[in-house]
Participant: 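Would you mind keeping the following structure in view while I ask a few things?
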Amino acid sequence: MRRASVERKTKETQIRLTLCLDGGGAQVATGIGFFDHMLTALAFYAGFGLELQAEGDLHVDGHHTVEDVGIVLGTAFRQALGDRVGIRRFGSAFVPMDEALCLTVADCSNRPFLVFDAPMPQPMIGAYDSCLTKEFMRAFAVQGGLTLHQKCLYGENAHHITEALFKSLGLALKDAVRQEGDGVSSTKGML
């Protein structure tokens with residue numbers, strides 16, 4: 001089983017996370033309802049098992065919690081992938097969500113980079129600051145060793161745009177981590 005457990009404690013957040021790339025349910029509690037919904041959707045569409053408990057300084061705002069969850073999830077993703085032997089490596093997905101259409105393209109290259117082109121028309125989605133989606137994606141890509149491109153082709157509702165981004169990320173990762181053989185998907189011989 002490609003699985004990892006990570007704990008991270010700072011003065012701002014305390015996070016415990018277990019990730020299984022080969023399946024399982026999702027139990028997510030961050031104290032931010034919409035973010036819980038997005039992480040659950042990500043795990044569901046990726047086919048990942050995810051257990052996550054996060055406590056953060058939400059009396060300040062959600063920034064530290066969202067970014068630190070991205071750091072911990074990315075760290076667990078990197079650990080669960082191990083040497084990346086046999087994975088497809090690349091994945092992409094379009095997801096429509098009502099009026100919004102978003103694209104995610106991922107490369108498990110071990111060369112972290114984020115390109116994020118998804119303006120948010122509304123600043124808040126419930127208690128979730130919509131600009132935190134980019135912060136989460138950056139933290140996840142950097143710690144996970146992913147080249148990650150995300151684009152909203154069009155959309156008018158920040159909820160729909162954000163949900164399409166998380167779902168398309170899940171689908172792209174499902175494809176990218178799929179076992180296809182026993183070699184490394186690189187002409188260099190390593191990732």
Participant: Does any non-hydrogen side-chain atom of L165 lie less than 4.5 Å from one of L169?
Facilitator: no

Participant: Apply ring-ring contact (aromatic ring centres under 6.0 Å, His included) to F166 and H37, showing your working.
Facilitator: CA-CA 10 Å; F166 274 88; H37 179 48; 9.6 Å; no

Participant: Return each pair, listed once, that meets salt bridge (Lys or Arg N to Asp or Glu O under 4.0 Å) where at least one residue sits in residues 61-79; pairs must be two or more places apart or across chains.
Facilitator: R8-D68

Participant: Check side-chain hydrogen bond (donor to acceptor under 3.5 Å, both in side chains) between S130 and all other residues, then give those that pass, not counting sequence neighbours.
Facilitator: none

Participant: Taking only residues two or more places apart in sequence or in another chain, which ones pass salt bridge (charged side-chain N to carboxylate O under 4.0 Å, His left out) with R138?
Facilitator: E135

Participant: Could you go through residues 44-59 and list every donor-acceptor pair under 3.5 Å that involves a side-chain atom there, pairing it with any protein atom two or more places apart or in another chain?
Facilitator:
| from | atom 1 | to | atom 2 | distance (Å) |
| --- | --- | --- | --- | --- |
| D57 | OD1 | H64 | ND1 | 3.1 |
| D57 | OD2 | H64 | ND1 | 2.8 |

Participant: Would you indicate whether Q179, at its atom CD, is surrounded by more than 12 heavy atoms from other residues, nucleotides or ligands within a distance under 6.0 Å?
Facilitator: yes

Participant: Verify the cluster assignment for V95 and M137: are they in a single hydrophobic cluster under the rule of side-chain heavy atoms below 4.5 Å apart?
Facilitator: no

Participant: Membership question, hydrophobic clusters at under 4.5 Å side-chain separation (ILVMFWY): are L19 and L171 in the same one?
Facilitator: no

Participant: Restricting to ring-ring contact (aromatic ring centres under 6.0 Å, His included), what partner residues turn up for H149, sequence neighbours left out?
Facilitator: none

Participant: With the side chain counted from C-beta on, respond yes when L42 and F140 share a heavy-atom pair under 4.5 Å apart, and no when they do not.
Facilitator: no

Participant: Do L132 and F35 make a side-chain contact, defined as non-hydrogen atoms from C-beta onward lying under 4.5 Å apart?
Facilitator: no

Participant: For the side chain of Y128 and the backbone of T133, is there at least one donor-acceptor N/O pair under 3.5 Å apart?
Facilitator: yes

Participant: Roughly how far, to the nearest 0.5 Å, is CG of L73 from CD1 of I71?
Facilitator: 11.0 Å

Participant: Shared ILVMFWY cluster between L39 and I15, side chains joined below 4.5 angstrom?
Facilitator: yes

Participant: Evaluate whether atom CG of D182 has more than 12 neighbouring non-hydrogen atoms of other residues, nucleotides or ligands under 6.0 angstrom away.
Facilitator: no

Participant: Would you call I161 and M97 a side-chain contact if the rule is heavy atoms closer than 4.5 Å?
Facilitator: no

Participant: Let me confirm one number: the SG-OH distance from C102 to Y154, rounded to the nearest 0.5 Å.
Facilitator: 10.0 Å

Participant: Shared ILVMFWY cluster between L101 and L103, side chains joined below 4.5 angstrom?
Facilitator: yes

Participant: Please list all pairs meeting salt bridge (Lys or Arg N to Asp or Glu O under 4.0 Å) that have one or both residues in residues 154-169, counting only residues at least two apart or in different chains.
Facilitator: E163-K167

